[in-house]
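Working notes for the structure below.
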Amino acid sequence: MRHWLMKTEPSVFSLDDLRRKGREGWDGVRNYEARNSMRAMRVGDPVLIYHSNAETIGVAGLAEISREAQPDATAWDPANEHFDPRSTPERPLWDQVEVAFVRAFPRLVTREDLQGIPAFSASLLWKRSRLSVIPLTDAEFAAVLFAAELPAADGDQRARPERAAAVRIRSSGQGSGRGPSPKRASR
DNA sequence: GCCAACGTTGGC
DNA sequence: GCCAACGTTGGC
């Protein structure tokens with residue numbers, strides 16, 4: 001199973017917006033590498049939703065692919081902000097996938113948290129700062145899920161200790177990561 | 001195919 | 001809102 005991270009600017013389209021709508025066509029992506037990643041996505045693939053360009057930057061929760069790649073019709077709509085005249089209905093250039101809400105994390109896994117997760121240190125999120133659709137390794141994905149259940153690194157140490165403990169037990173021995181010691185965004 | 005100019009992304 | 005990083009475009 002593949003895992004992905006998709007960026008969105010929460011002022012444009014947030015995880016809460018996705019929760020309200022249930023599903024969303026992830027259109028507007030105008031980068032070949034991101035498009036190719038979307039073409040590789042399969043129904044059911046988990047997707048971390050990352051809030052970029054925001055006051056609180058980080059992974060807000062989990063979604064999944066609910067429909068595989070299909071042509072992105074906004075590309076041949078002159079009125080659309082992501083209009084690209086090179087794309088036509090006859091020869092589509094850009095694709096979109098549909099993403100379905102799964103859950104919001106108990107807390108945001110902040111960018112700072114991510115920077116402190118050893119299993120995440122080689123992520124494309126750092127190496128390819130402009131890429132808006134990013135494939136994740138199993139270890140990277142697991143590390144973020146794990147961190148999401150831990151108390152925040154600062155401040156709310158008392159938050160959900162029982163939950164964190166439960167996760168520790170369930171995750172023990174797996175060697176997964178440890179906790180921290182673009183309408184839509186322009187994706 | 002190089003690379004300077006340009007436009008955009010996204011952290012701060 | 002600034003601006004560095006970086007992906008894309010287009011002249012040569």
Side-chain angles (χ1 to χ4, degrees), chain A residues 2-19 24-41 46-63 65 69 71-88 90-99 101 104-105 107-137 140-141 143-144 147-148 150 152-156 177 179-187:
Chain A
R2 281 159 283 218
H3 310 89
W4 310 95
L5 179 149
M6 296 177 98
K7 296 179 184 174
T8 183
E9 301 189 17
S11 62
V12 180
F13 190 83
S14 69
L15 182 70
D16 266 348
D17 294 326
L18 183 61
R19 183 197 339 236
E24 180 75 353
W26 214 262
D27 56 30
V29 175
R30 298 292 180 265
N31 170 282
Y32 287 106
E33 200 171 338
R35 181 201 68 182
N36 293 342
S37 283
M38 291 199 298
R39 288 180 174 175
M41 291 172 170
V47 180
L48 297 177
I49 301 298
Y50 177 93
H51 284 172
S52 65
N53 245 317
E55 202 172 318
T56 52
I57 297 167
V59 178
L62 186 63
I65 300 303
D72 177 355
T74 65
W76 56 75
D77 172 9
N80 191 279
E81 62 173 323
H82 299 298
F83 174 60
D84 182 348
R86 297 172 301 172
S87 185
T88 64
E90 294 73 33
R91 294 191 65 196
L93 182 58
W94 302 113
D95 281 9
Q96 63 169 44
V97 293
E98 186 187 72
V99 170
F101 178 83
F105 289 155
R107 68 179 187 86
L108 186 82
V109 180
T110 66
R111 180 176 174 85
E112 194 182 357
D113 292 333
L114 295 173
Q115 286 167 337
I117 298 174
F120 214 78
S121 62
S123 170
L124 285 178
L125 186 66
W126 316 127
K127 289 194 279 203
R128 302 290 311 284
S129 64
R130 306 276 297 270
L131 194 58
S132 63
V133 180
I134 294 175
L136 300 176
T137 65
E140 287 165 351
F141 179 76
V144 175
L150 294 175
D154 59 352
D156 100 291
S181 331
K183 165 165 176 291
R184 216 158 2 267
S186 50
R187 310 176 280 236

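Shown here are the salt bridge (charged side-chain N to carboxylate O under 4.0 Å, His left out) partners of A:Arg86, two or more places apart in sequence or in another chain: A:Asp84. In this view, A:Glu33 and A:Arg128 satisfy the side chain to side chain donor-acceptor pair (under 3.5 Å) rule, not counting sequence neighbours. Here A:Asp77 pairs with nothing under the salt bridge (charged side-chain N to carboxylate O under 4.0 Å, His left out) rule; sequence neighbours left out. A:Leu62 is linked by a side chain to side chain contact (heavy atoms under 4.5 Å, CB included) to A:Pro46, A:Leu48, A:Val102, A:Arg103, A:Phe105, A:Phe141, counting only residues two or more places apart in sequence or in another chain. Residues that satisfy the side chain to side chain contact (heavy atoms under 4.5 Å, CB included) test with A:Ser14, not counting sequence neighbours, are A:Pro10, A:Asp16, A:Asp17, A:His51. For A:Arg35, there are no side chain to side chain donor-acceptor pair (under 3.5 Å) partners, not counting sequence neighbours.
With contacts defined as side-chain heavy-atom distances shorter than 4.5 Å, the pair A:Met6/A:Val97 qualifies.
Summary of helix geometry: the two end axes of the helix from B:dG1-C:dC12 to B:dC12-C:dG1, each defined by five base pairs via their C1' atoms, are inclined to each other by 0° (rounded to 10°).
Identified under the salt bridge (charged side-chain N to carboxylate O under 4.0 Å, His left out) test for residues 115-127 of chain A, with sequence neighbours left out: none.
Within the 4.0 angstrom heavy-atom criterion, no nucleotide atom of any strand lies near A:Arg35.
For DNA chain C, the outermost nucleotides in 5' to 3' order that have an atom under 4.0 Å from a heavy atom of chain A are C:dA5 to C:dT9.
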